[in-house]
Amino acid sequence: GAVVSQHPSWVICKSGTSVKIECRSLDFQATTMFWYRQFPKQSLMLMATSNEGSKATYEQGVEKDKFLINHASLTLSTLTVTSAHPEDSSFYICSAPRRGGSYNEQFFGPGTRLTVL
Amino acid sequence: AQTVTQSQPEMSVQEAETVTLSCTYDTSESNYYLFWYKQPPSRQMILVIRQEAYKQQNATENRFSVNFQKAAKSFSLKISDSQLGDTAMYFCALRASNDYKLSFGAGTTVTVRA
């Protein structure tokens, strides 16, 4: 099956620094990718839709200047958490739908655990 | 707007027994897909089963089956012959057929006891 990777899988950073998380579709092209945030024992909260070659679409309440998204190629989207603070500590998941087929199955990355000290 | 509701935060089942997870939803779309995803302790999201809303026949994947009641907007998941590896958080999800964006329920944590 199709694979979506994320890097790093776990990152610890100091408050005030920026952290970049990569999401790659390894064997298909993804013009659209999604970024989610998940707190322990809670559901996935959609943060933004990443669009290749254009600006990301952010969900209501998500600070676009805080969470910078760049979708520079058909296989790579990056999420940069700028000036990270402890409240940004969370599990971040990306997903990418593979176009074609009967229903365009969506594939999820393994997630990135961010801890801000 | 789409909403997905899972009213069971936690469920426990004995190994080899059957457990049913409930899910209700609301959408104004006429064509849509429904999904059950599993998130084990590794936190990797895994597709368990999907259902096209225009199909009346309930989807089945090995020990997993759904009861899709379109008029009632209900989409429950039955896990038969539960195995220890089924221990995970299960999410019901919905998306319109002309969109890629998924709406997730709050999730149900299933624990299979040996």
Side-chain angles (χ1 to χ4, degrees), chain A residues 1-6 8-10 21 23 25 28-52 56-60 62 71 77 90-114, chain B residues 1-11 21 23-25 29 31-55 57 59 61 68 87-111:
Chain A
V3 177
V4 172
S5 70
Q6 279 184 244
S9 56
W10 192 9
I21 302 170
C23 177
S25 56
F28 66 99
Q29 294 181 335
T31 56
T32 300
M33 290 183 175
F34 297 98
W35 286 97
Y36 299 87
R37 185 174 181 175
Q38 185 182 31
F39 292 106
K41 297 189 181 297
Q42 293 189 23
S43 188
L44 281 69
M45 182 191 77
L46 180 64
M47 300 174 64
T49 302
S50 175
N51 303 298
E52 188 269 336
T57 304
Y58 290 83
E59 295 300 304
Q60 190 172 9
V62 177
H71 196 147
S77 175
S90 189
F91 193 69
Y92 293 87
I93 301 174
C94 71
S95 72
R98 183 176 62 182
R99 296 173 190 252
S102 61
Y103 78 106
N104 303 318
E105 182 173 352
Q106 188 148 170
F107 295 90
F108 288 83
T112 296
R113 185 184 306 277
L114 170 64
Chain B
Q2 300 172 156
T3 60
V4 179
T5 303
Q6 293 178 250
S7 58
Q8 304 153 312
E10 296 182 357
M11 297 195 74
L21 282 58
C23 172
T24 58
Y25 62 93
E29 300 288 336
N31 296 315
Y32 53 91
Y33 297 105
L34 291 159
F35 306 88
W36 279 98
Y37 284 93
K38 168 185 177 181
Q39 188 180 42
S42 68
R43 303 190 79 169
Q44 172 71 58
M45 295 287 285
I46 301 166
L47 176 64
V48 174
I49 199 166
R50 70 175 185 272
Q51 174 84 39
E52 292 92 335
Y54 64 87
K55 290 188 176 180
Q57 186 173 5
E61 286 289 339
F68 176 45
T87 292
M89 197 161 187
Y90 288 80
F91 293 100
C92 181
L94 160 76
R95 74 165 177 88
S97 59
N98 61 353
D99 194 2
Y100 296 117
K101 191 181 292 188
L102 286 165
S103 297
F104 285 95
T108 298
T109 298
V110 173
T111 302

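Reminder, nothing fancy here: chain letters follow the sequence lines and each chain counts from 1.
A distance of 6.5 Å separates NZ of A/Lys41 from CD of B/Glu10, quoted to the nearest 0.5 Å. In this structure, CD in A/Glu105 is found 8.0 Å from CZ in B/Phe35, a value given to the nearest 0.5 Å.
When the options B/Leu47, B/Leu102, B/Ile46 are evaluated for a side chain to side chain contact (heavy atoms under 4.5 Å, CB included) with A/Phe108, the one that passes is B/Leu102.
In terms of modelled atom types and a separation under 3.5 Å, the side chain of B/Gln39 and the main chain of A/Ser43 share no donor-acceptor contact.
Using a 3.5 Å distance cut-off with no hydrogens or angles, the side chains of B/Arg43 and A/Gln38 do pair a donor with an acceptor.
Per-residue counts of heavy-atom pairs under 4.5 Å with chain B were compared for A/Thr32, A/Leu44, A/Ile93; the largest is that of A/Leu44.
For B/Phe91, the part sitting under 4.5 Å from any heavy atom of chain A is the side chain, from C-beta outward, and nothing else.
Residues A/Glu59 and B/Lys101 meet the side-chain proximity criterion, which asks for heavy atoms closer than 4.5 Å.
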